[in-house]
There are 2 protein chains.
Amino acid sequence: MLEARLGEAAEFKKVIDAIKDLVQDCNFDCNDSGVALQAMDNSHVALVAMLLKAESFEPFRCDRNIALGVNLTSLTKVLRAAQNDDILTLKAEDAPDVLNLVFESKANDRISEYDLKLMDIDQEHLGIPDTEYAATVTMSSAEFKRITTDLIAMSESVTIDVSKDGVKFSAQGDIGNGSINLRQHTDLEKSTNSVEIELSEPVALTFSLKYLVNFCKASALSTRVKICLSNEVPLLVEFGLSGTSYLRFYLAPKIGDEE
Amino acid sequence: MLEARLGEAAEFKKVIDAIKDLVQDCNFDCNDSGVALQAMDNSHVALVAMLLKAESFEPFRCDRNIALGVNLTSLTKVLRAAQNDDILTLKAEDAPDVLNLVFESKANDRISEYDLKLMDIDQEHLGIPDTEYAATVTMSSAEFKRITTDLIAMSESVTIDVSKDGVKFSAQGDIGNGSINLRQHTDLEKSTNSVEIELSEPVALTFSLKYLVNFCKASALSTRVKICLSNEVPLLVEFGLSGTSYLRFYLAPKIGDEE
DNA sequence: TGCTTGCCCA
DNA sequence: TGGGCAAGCA
């Protein structure tokens with residue numbers, strides 16, 4: 001059986017919120033190391049990979065592997081009933097029909113309990129290779145969100161150029177062109193605004209802005225975002241969660257004429 | 001003639017706001033004890049009973065019985081012209097064609113005056129028996145509102161179970177089940193959050209959530225709500241107004257298959 | 001007609 | 001930041 005308790009429902013609510021527009025149904029794969037989710041988006045262009053490690057829960061118990069097939073729209077409805085600072089406990093039997101969610105107010109005067117019906121989901125589990133990326137940009141997630149929403153006004157695509165000194169986001173469209181240049185720098189006053197770049201070789205790749213904007217729903221989860229690029233490999237956009245848990249989005253680059 | 005003055009227009013505005021989606025046209029019955037309203041909702045499932053007692057007005061004058069037949073949509077339009085902290089005076093002749101509403105700013109630099117045309121409304125006046133309820137729950141109106149809106153995501157109906165120790169709201173639906181348990185308790189820090197239960201015998205009844213959600217528009221009127229239940233008798237949901245004035249909603253339970 | 005999403009106000 | 005309202009879609 002699974003029993004996993006989170007001190008604050010807010011993070012889980014935000015994670016599901018950030019995923020639910022990309023994926024309708026997916027499995028939560030639970031084992032003794034934590035709860036994992038991996039799914040292609042509906043149009044098979046992007047991939048979401050979430051890992052909530054066991055140490056992010058207190059307590060965490062999961063005796064054996066359980067796959068919980070969840071409809072994320074339904075889960076969102078249920079999670080709307082959780083206050084942000086509620087204690088959230090996920091429970092499931094070993095061969096479950098339902099996922100049991102318990103919300104307890106911190107004051108302990110209210111207990112809400114929901115049973116969410118589960119479904120069987122056949123899911124090809126894609127092994128995601130552990131890539132050494134040519135370029136890794138770590139920056140403010142709010143700024144990344146801002147850049148993507150600004151540029152989507154100009155074009156459907158953005159080209160991300162990473163060089164030693166900085167990163168350039170540029171878009172060409174019917175009404176004109178736009179580009180944002182960020183220098184690598186350490187902001188001593190507001191360290192969340194720093195732009196860090198790790199580079200083995202310069203990279204320039206083009207991506208669909210629609211997806212990037214969508215990924216940025218997760219910007220509420222972390223002040224920082226890590227953007228990893230290599231030629232001919234999907235972009236990785238990673239938001240850190242509590243502990244070393246994470247929410248990752250992958251997006252294949254546009255090639256040639258597609259741009 | 002009627003002349004009734006309220007220090008703050010806000011309460012009257014909120015009362016009409018809370019009723020207007022249930023009832024289109026109804027009589028304001030005025031006599032020397034105050035202004036009363038009683039009406040079935042359009043589908044004859046729920047009943048609204050409002051009483052604004054004479055002492056809630058200052059001054060209050062009403063020489064004889066007057067029935068003011070008002071279209072609540074029109075009244076809402078007129079009330080939109082009143083600032084929340086305006087002084088509101090209702091006036092009518094003994095056999096009136098119009099209800100006269102005067103809004104005065106507290107600073108006394110603006111006087112708005114509206115005449116609302118009245119209509120003849122034939123209204124069966126239902127005597128509402130003064131029931132001794134088997135169970136009475138008094139709780140935070142915000143929490144009651146929250147519970148009804150949370151559960152309507154799961155189902156059309158809610159079952160309210162009142163026992164000595166607490167009250168349980170539960171709903172079963174296609175995507176799963178949900179329930180909220182509140183223990184009877186006194187919250188010393190935030191007394192509006194206390195849950196009080198008076199019980200002569202346990203009660204479990206099922207009601208349409210759509211109506212309860214609607215009733216909860218009145219939650220802005222009072223931090224507390226009183227929920228009274230007895231078997232085979234309509235539920236009473238009461239919001240206290242200034243003084244001992246009140247706004248009450250009645251709703252017949254669902255029976256058997258209807259659930 | 002009801003539900004969902006986006007915008008505006010408190 | 002959360003709730004309420006209005007518009008657009010299924």
Discussion item. Output the rounded distance in Å from CD (E156(B)) to C1' (dT1(C)).
Written reply: 13 Å
Response to the item:
note: N214(B), atom CG; dG2(C), atom C1'; distance rounded to Å ~ 14 Å
Worksheet, complete the sentence: Rounded to whole Å, NZ of K210(B) lies from P of dT1(C) at a distance of 12 Å
Discussion item. Quick check: F215(A) with F144(A) (ring centres under 6.0 Å apart)?
Written reply: no
Worksheet item: More 5' along DNA chain D: R80(B) or Q83(A), using each one's nearest nucleotide?
Response: Q83(A)
Fill in: For atom NZ of K13(A) and atom C1' of dT1(D), their distance in whole Å
12 Å
Worksheet item: Counting distance only, does the side-chain N/O of S155(B) pair as donor-acceptor with the main-chain N or O of G173(B) below 3.5 Å?
Response: no
Item to complete: Starting from C1' on dG2(D), measure out to CZ on R146(B) and report it in whole angstrom.
Response: 10 Å
Practice prompt. Specify the separation, in whole Å, of atom CG of L209(B) and atom C1' of dC3(C).
Written response: 16 Å
Practice prompt. Calculate the interatomic distance between D85(A) atom CG and dT1(D) atom P; express it in whole Å.
Written response: 14 Å
Discussion item. For a quick test of reading the model: is some side-chain N or O of K145(B) closer than 4.0 Å to OP1 or OP2 of dG4(D)?
Written reply: yes
Worksheet item: Under 4.0 Å: is that the gap between some side-chain N or O of N84(B) and OP1 or OP2 of dA10(C)?
Response: no
Worksheet item: Which residues pass the side-chain contact (heavy atoms from CB on, under 4.5 Å) test with Y246(A), sequence neighbours left out?
Response: L51(A), E238(A), R248(A)
Practice prompt. Give the rounded distance in Å between these two atoms: CE of M154(B) and C1' of dC3(C).
Written response: 17 Å
Worksheet item: So, N71(B) and Q24(B): side-chain donor and acceptor under 3.5 Å apart, yes or no?
Response: no
